[in-house]
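Below is one structure, written out as structure tokens; comments come after it.
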Amino acid sequence: MKVLVIGKGGREHALVWKLAQSPRVERVYCAPGNAGTALDGVNVPIDANDFTALIRFVKKENVGLTVVGPEDPLANGIVDAFQAEGLRIFGPTKAAAQVEASKVYSKKLMRHADVPTAEFRVFDHPEPARKYIETREYPCVIKADGLAAGKGVIVCSNTEEALEAVNRIMVREEFGRVAGRQIVVEKRLEGEEVSIMALVAGRTIVPLASSQDHKRALDGDQGPNTGGMGAYSPAPIATPELLSLVETDALLPTVHAMKRARTPFRGILYAGVIVTNQGPRILEYNCRLGDPETQPILMRLKTDLCDLIDAAIDDRLADISEDLLEWDPRPAVCVVIASGGYPGTFVKGKMIQGLDEAAKVPNVKVFHAGTKLEPGGMVVTDGGRVLGVTALGATLMEARTSAYEAVSKISFPGAFHRKDIGEKALAKAI
Ligand code: GLY
């Protein structure tokens, strides 16, 4: 079978790498891909949102399965477009992708399904939102309703910051007119965050291994929020008790409510969980795999990913209980190397050196994100997050040491990375 992966980030490189290992897969294409997917698969220069061109390509090449990485094409209806042509694709429909694409839909769904989450109100005008914020006795989080490239969630420390967030989203429309039409104002919760993802088909869910992201740009969780500067799996905070609570109190009621509402979810449901003193609470849902969490998770997955996706598409997920999923017991750590200036402005086209040396470090895989293959084989930077250097190790400490050894071999002008990926988990293990 030929497979097509849609997207061009580190998550998509990990998907290409993993799917290519399936004995059933003859070739993996990636549209549009990066330098890493060009090495482990075959790149196709089609934009992730150009559904007409993607469908034409899939038909011409007789691609048997399409796997969608990012949220944008899902929210724009790529699954509906492919299914209308009778093509096999993995991911939620446009209606089900609202669980991520609309923060208002997502919070109302959580309330309806009685999922533990922060208390909230929805506003479609700035003035009532301001009045509400001024009467709160706690810090708030202000969320633009629509997708805003991960920037539409503003975590505020005081009333002034929250009022400014309302202005940014609704008055100045910094995240676009549509995204700022409605906002969610919710109570800011305190605790440690963990990512819990599950394969879902209708009412059936199969949770994947837990992971933890590092969202801030700088060491010690300082600096601006990013797409994620590193991750590890498993997350020690995700005890069996915690995972079971998230499954029974959040994931299951959510997918049941979606099915009842005739918007069944099929794909990966990602719960952003915060572990508070009162127990786990759902911060948000995403309708796809996390990036960079996917990189360490897929390094540890031993089961054929193609079989899992097929089971979800064909409604056979109930046959694949959690115990049938095989995981490498060794932890994996991913350290992201980013372009200087990220998550703000940065320059592309910097020559990357040391990739071959890094690849020689045992138990390491260098996943590419914002990279481009130039004619002649030179690899240059092409985005904010450039590489996700991922390593397995007998212990978290060993995985971390190998990842950082490989990171030390790689250089490009302006490169930076966090030096403390996995430290929180290590502190817990001691
Ligand atoms: N790493 C966070 C996300 O994928 O949304």
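Every number for a ligand or one of its atoms is a count from 1 in the order of the listing.
Less than 4.0 angstrom separates some heavy atom of Asp213 from each of these atoms of ligand 1: 1 (N), 2 (C). When each atom of ligand 1 is checked for a heavy atom of Asn286 under 4.0 Å away, the hits are 5 (O). Within ligand 1, counting atoms from 1 as listed, the ones closer than 4.0 Å to a heavy atom of Gly227 are 1 (N), 2 (C). The Glu293 neighbourhood of ligand 1 comprises atoms 1 (N), 2 (C), 4 (O), with distances under 4.0 Å to a heavy atom of that residue.
A side-chain N or O of Gln212 and one of Tyr232 form a donor-acceptor pair less than 3.5 Å apart.
When each of Phe82, Phe51, Tyr29 is paired with Phe57, the ring-ring contact (aromatic ring centres under 6.0 Å, His included) condition holds for Tyr29 and for no other. The only member of Ser233, Ser195, Ser210, Ser211 that meets side-chain hydrogen bond (donor to acceptor under 3.5 Å, both in side chains) when paired with Glu293 is Ser195.
By the 30° and 60° cut-offs, the orientation of the rings of Phe123 relative to Tyr132 is tilted.
From the protein, the heavy atom lying nearest to atom 5 (O) of ligand 1 is Arg288 NH2, 2.9 Å.
At under 3.5 Å, not a single nitrogen or oxygen of Gly290, backbone or side chain, sits near a nitrogen or oxygen of ligand 1. Between Arg11 and ligand 1, no pair of N/O atoms sits closer than 3.5 Å.
Stacking of Arg111 on the aromatic ring of Phe120 is recorded, both the 6.0 Å distance cut-off and the 45° axial limit being met.
The two residues Arg11 and Thr294 have their closest heavy-atom pair at CG-OG1, 3.9 Å.
The proximity of Met197 to ligand 1, defined as any non-hydrogen pair under 4.0 Å, does not occur for either the backbone or the side chain.
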